[in-house]
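Here's the structure, in structure tokens; my notes come after.
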Amino acid sequence: MNRFDGKVAVVTGGVQGIGRGIALRLAAEGAAVVVGDLQDDDTTVREIVDGGGRAAHVVMDVRRPGDWKRLVDEAVGGFGGVHALGNVAGVTNTLGPDNVVDLDEAGWDHVVDTDLKGVWLGMQAVIPRMLDGGGGAILNIGSMAALKGLENLAAYSAAKGGVVSLTQQVAMEYSPRGIRVNCICPGTIDTPILAGITESMRENFVAAHLIPRLGTPADIAAAAAFLLSEDASFLTGEVLPVDGGWNAKGSAG
Ligand SMILES: NC(=O)c1ccc[n+]([C@@H]2O[C@H](COP(=O)([O-])OP(=O)(O)OC[C@H]3O[C@@H](n4cnc5c(N)ncnc54)[C@H](O)[C@@H]3O)[C@@H](O)[C@H]2O)c1
């Protein structure tokens with residue numbers, strides 16, 4: 001018996017990186033997975049289907065309520081409901097600097113609309129359908145930038161801090177009605193979001209972890225599958241760093 005047999009999961013950002021890792025893991029454990037992503041690339045979904053699973057790809061933008069409606073309609077119409085939501089899609093400021101002074105309004109909006117508003121819109125779209133089906137579980141992806149001051153991540157930190165707070169707030173209102181809501185704050189995970197970093201930045205990221213390597217999408221997916229499964233049935237409103245010990249590390253040495 002797989003933990004997600006008979007369940008339907010919606011995962012944003014599932015074309016690559018952490019979202020892809022979570023989509024593949026949930027499918028491997030029996031879920032039908034609906035991937036939502038800006039990119040028109042169904043590689044993840046084809047891999048699931050070729051392996052005997054059930055999955056669908058929806059090209060969508062997490063910043064648009066109408067796109068969320070199409071995504072949820074695909075899950076409900078195609079597979080019969082939504083039991084799990086992974087709000088994974090996210091960006092750093094690729095439009096310019098993310099220092100509080102140098103950041104411009106377009107950069108702020110790009111990051112906050114995707115990373116925070118997108119998470120709100122996702123929960124807004126999915127929760128009514130979860131209530132129809134008797135409950136569910138939501139996982140939001142935060143960041144260590146929500147918990148610590150990190151360089152050149154002003155808008156990103158604000159957005160991810162908002163994700164942590166929103167997770168707790170929504171858990172408070174909906175856990176009594178059968179919907180658990182949790183958040184993972186990943187350490188530095190080796191995904192395409194790191195494209196363009198220098199070798200010395202990579203070494204610094206590794207050195208921040210007590211476990212001396214970058215994380216992998218599979219590391220996050222293992223924790224995500226736990227939090228979204230019934231194994232975590234008494235766990236809600238929590239913020240879990242999956243970070244190779246970065247959060248535990250003292251500042252000196
Ligand atoms: N990689 C890390 O070190 C790290 C650390 C902490 C938190 N995170 C967070 O984890 C999440 C995934 O990061 P990743 O490293 O896998 O990134 P990534 O860039 O590899 O993948 C992000 C995915 O989200 C999609 N996406 C971006 N904007 C979108 C939008 N508006 N609508 C729909 N899809 C959109 C992209 O097309 C892509 O497939 C993000 O929320 C990120 O902030 C990553």
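Start at 1 and go down the list; that is how both ligands and their atoms are numbered. Both backbone and side-chain heavy atoms feed into the values below; hydrogens, waters and symmetry mates do not.
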I want to check something: taking the side chain as every heavy atom from C-beta on, are [X] and [Y] in contact at a cut-off of under 4.5 Å?
X: Leu194; Y: Thr188; value: yes
X: Thr43; Y: Val15; value: no
X: Met123; Y: Leu166; value: yes

Inset, instruction - Consider only side-chain N and O atoms of Gln39 and Gln16, and report whether a donor and an acceptor are under 3.5 Å apart. - result: yes
Got a list of side-chain donor-acceptor pairs under 3.5 Å for residues 127-150, not counting sequence neighbours?
from	atom 1	to	atom 2	distance (Å)
Arg129	NE	Asp132	OD2	2.9
Arg129	NH2	Asp132	OD2	3.1
Asn140	OD1	Asn87	ND2	3.0
Asn140	ND2	Thr167	OG1	3.1
Ser143	OG	Ala145	N	2.9

Legend entry - Residues Glu29 and Arg25 bridged, charged N to O under 4.0 Å: yes
Please produce the table of protein N or O atoms sitting under 3.5 Å from N or O atoms belonging to ligand 1, one pair a line, distance to 0.1 Å.
from	atom 1	to	atom 2	distance (Å)
ligand 1	1 (N)	Ile189	O	3.2
ligand 1	1 (N)	Thr191	OG1	3.4
ligand 1	3 (O)	Ile189	N	2.8
ligand 1	3 (O)	Ile189	O	3.4
ligand 1	15 (O)	Thr191	OG1	2.4
ligand 1	16 (O)	Ile18	N	2.8
ligand 1	19 (O)	Gln16	NE2	3.3
ligand 1	20 (O)	Gln16	NE2	2.9
ligand 1	31 (N)	Asp61	OD1	2.9
ligand 1	32 (N)	Val62	N	3.0
ligand 1	34 (N)	Leu38	N	3.2
ligand 1	37 (O)	Asp37	OD1	2.6
ligand 1	37 (O)	Gln39	NE2	3.0
ligand 1	39 (O)	Asp37	OD1	3.3
ligand 1	39 (O)	Asp37	OD2	2.6
ligand 1	39 (O)	Gln39	NE2	3.2
ligand 1	41 (O)	Val88	O	2.8
ligand 1	41 (O)	Lys160	NZ	2.9
ligand 1	43 (O)	Tyr156	OH	2.6
ligand 1	43 (O)	Lys160	NZ	3.1

